Amino acid sequence: ILLGLGGSGKQSLARFAAFLSGFDVVQIQAGPSYGYNEFKAELAQLYMKTGVGNKQIVFLLADWQVSDDRFLMCINDLLSNGSVPDMFTDDERTNIINQVRHEVRQTGLPDSPDYCWRFFLSRVRENLRPVLCFSPTGDAFR
């Protein structure tokens, strides 16, 4: 979490730190019709890129982009246990498990669905870094 008044360089600092660490930066393009479902779909894409694709990504979220408090609930779930409830359907989850199964075998772990899912989530936790840039003034912070 980066706190500071508007224009103090929070996003620039986050982008610079990501560059120094070799992470790509992803920021949502929130518009008037951007809601919780779009946010969750974008977060699911980030899970795929980091968990299956093994890419290192900083997910940058500014206070003005949080149009629904459930956005923050998803970030909280990500930070607390690495998994957002109901993000993937059963078919999508099976597809993810099948995509990481070979890599799970290479680590010497059993390639059961449970181990594959845990492997996927551990990769997400390892590769996805949410960064919140908030201003201490205004209602969004409170």
Side-chain angles (χ1 to χ4, degrees), residues 1-4 6 8-142:
I1 296 179
L2 297 173
L3 294 176
S8 61
K10 299 178 295 292
Q11 291 184 49
S12 296
L13 178 63
R15 289 177 187 281
F16 182 61
F19 170 76
L20 290 177
S21 300
F23 280 66
D24 292 335
V25 177
V26 172
Q27 190 169 15
I28 63 173
Q29 300 300 318
S33 63
Y34 192 90
Y36 178 66
N37 291 332
E38 291 81 11
F39 178 79
K40 213 166 168 186
E42 200 153 346
L43 196 55
Q45 289 176 353
L46 291 176
Y47 266 59
M48 294 299 292
K49 289 178 183 177
T50 57
V52 175
N54 203 23
K55 293 187 76 168
Q56 296 179 313
I57 296 176
V58 166
F59 180 44
L60 187 60
L61 188 64
D63 52 1
W64 58 270
Q65 295 172 313
V66 180
S67 60
D68 189 327
D69 288 340
R70 292 179 293 178
F71 290 12
L72 297 177
M73 291 172 54
C74 286
I75 297 296
N76 182 54
D77 289 337
L78 167 64
L79 292 172
S80 63
N81 62 20
S83 179
V84 177
D86 302 323
M87 180 174 299
F88 298 105
T89 64
D90 288 341
D91 289 341
E92 291 169 330
R93 186 176 167 140
T94 301
N95 184 35
I96 291 167
I97 288 168
N98 289 332
Q99 289 184 54
V100 298
R101 188 176 303 276
H102 179 70
E103 293 175 83
V104 171
R105 272 191 224 126
Q106 288 179 330
T107 63
L109 294 171
D111 64 346
S112 70
D114 188 47
Y115 275 102
C116 291
W117 187 250
R118 282 194 246 162
F119 177 84
F120 169 74
L121 291 179
S122 70
R123 266 225 187 131
V124 170
R125 283 190 292 268
E126 186 178 310
N127 291 326
L128 182 59
R129 302 283 193 262
V131 176
L132 305 175
C133 297
F134 282 54
S135 174
T137 60
D139 294 333
F141 182 69
R142 293 184 179 118

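All residue numbers refer to positions in the sequence shown, counting from 1. FYI, side chains are in, hydrogens and waters are out, and symmetry mates aren't considered; it's all heavy atoms of this structure. It should be emphasised that the depicted structure is a prediction, and the values quoted were computed from it without experimental measurement.
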Exercise. How would you list, by chain and number, every residue that makes a side chain to side chain donor-acceptor pair (under 3.5 Å) with E103, sequence neighbours excluded?
Worked result: R123
For this session: With rounding to the nearest 0.5 Å, note down the distance linking CZ in F134 to NZ in K10.
Result: 10.0 Å
Exercise. Does any pair with a residue in residues 68-80 pass salt bridge (Lys or Arg N to Asp or Glu O under 4.0 Å), and if so which ones, sequence neighbours excluded?
Worked result: D68-R70
For this session: Tell me, please, which residues at least two apart from A17 pass side chain to side chain contact (heavy atoms under 4.5 Å, CB included).
Result: none
Exercise. Counting N and O atoms only, with roles assigned by atom type, does the side chain of N98 sit under 3.5 Å from a partner on the main chain of T94, one being a donor and the other an acceptor?
Worked result: yes
Exercise. Mind checking whether Y47 and V84 have side chains closer than 4.5 Å, heavy atoms only?
Worked result: yes
Exercise. Hey, are the side chains of P130 and L61 touching, using non-hydrogen atoms and a 4.5 Å cut-off?
Worked result: no
Exercise. Do R105 side-chain atoms and D111 backbone N/O form a donor-acceptor pair below 3.5 Å?
Worked result: no
Exercise. Which residues pass the salt bridge (charged side-chain N to carboxylate O under 4.0 Å, His left out) test with D90, sequence neighbours left out?
Worked result: none
Problem set entry | Residues in side chain to side chain donor-acceptor pair (under 3.5 Å) contact with Q99, at least two apart in sequence or another chain | N95
For this session: Name all residues meeting the side chain to side chain contact (heavy atoms under 4.5 Å, CB included) criterion together with S112; count only those two or more places apart in sequence or in a different chain, and write none if there are none.
Result: D114, Y115
Exercise. Where do L60 and C133 come nearest, in terms of heavy atoms and distance?
Worked result: CD1-SG, 3.4 Å
Exercise. Under a 4.5 Å cut-off applied to non-hydrogen side-chain atoms, are V124 and L78 in contact?
Worked result: yes
For this session: Please round to the nearest 0.5 Å and tell me the distance separating atom CG of L79 and atom SG of C74.
Result: 11.0 Å
Problem set entry | Residues which pass salt bridge (charged side-chain N to carboxylate O under 4.0 Å, His left out) with K40, listed by chain and number, not counting sequence neighbours | none
Exercise. Do Y34 and E42 get their side chains close enough for a donor-acceptor pair, meaning under 3.5 Å?
Worked result: yes
Exercise. Going by heavy atoms in the side chains, are V52 and V100 under 4.5 Å from each other?
Worked result: yes
For this session: State the CG-CG distance between L128 and L43, to the nearest 0.5 angstrom.
Result: 7.0 Å
Exercise. Taking all non-hydrogen atoms of both residues, which atom of V25 and which atom of A18 are closest, and how far apart?
Worked result: CG2-CB, 3.5 Å
Exercise. Just how far is it from atom CD of Q56 to atom OG1 of T50, taken to the nearest 0.5 Å?
Worked result: 10.0 Å
For this session: Could you name each residue pair satisfying salt bridge (Lys or Arg N to Asp or Glu O under 4.0 Å) that touches residues 20-29, not counting sequence neighbours?
Result: D24-K55
Exercise. Shortest non-hydrogen contact from F23 to N127?
Worked result: CE2-O, 3.5 Å
For this session: Using side chain to side chain donor-acceptor pair (under 3.5 Å) as the criterion, list what pairs up with R125, not counting sequence neighbours.
Result: none
For this session: State which residues pass ring-ring contact (aromatic ring centres under 6.0 Å, His included) with F120; sequence neighbours excluded, sorted by chain then number.
Result: W117
Exercise. Would you say the side-chain atoms of Q11 pair up with the backbone N or O of A62, donor to acceptor, closer than 3.5 Å?
Worked result: no
Seminar exercise, completed: Those residues at least two apart in sequence (or on a different chain) that pass side chain to side chain donor-acceptor pair (under 3.5 Å) with R15 are Q27
For this session: Flag the pair M48 / F88 as yes when at least one side-chain heavy-atom distance between them is below 4.5 Å, and no otherwise.
Result: yes
Problem set entry | Residue pairs, two or more places apart or on separate chains, that pass ring pair (Phe, Tyr, Trp, His ring centres under 6.0 Å) and touch residues 68-87 | F39-F71
Exercise. Does atom CZ of F19 have more than 12 heavy-atom neighbours from other groups under 6.0 Å away?
Worked result: no
For this session: Count the heavy atoms of every other residue, nucleotide or ligand shown that sit under 6.0 Å from CD of Q29, and state whether that count exceeds 12.
Result: no
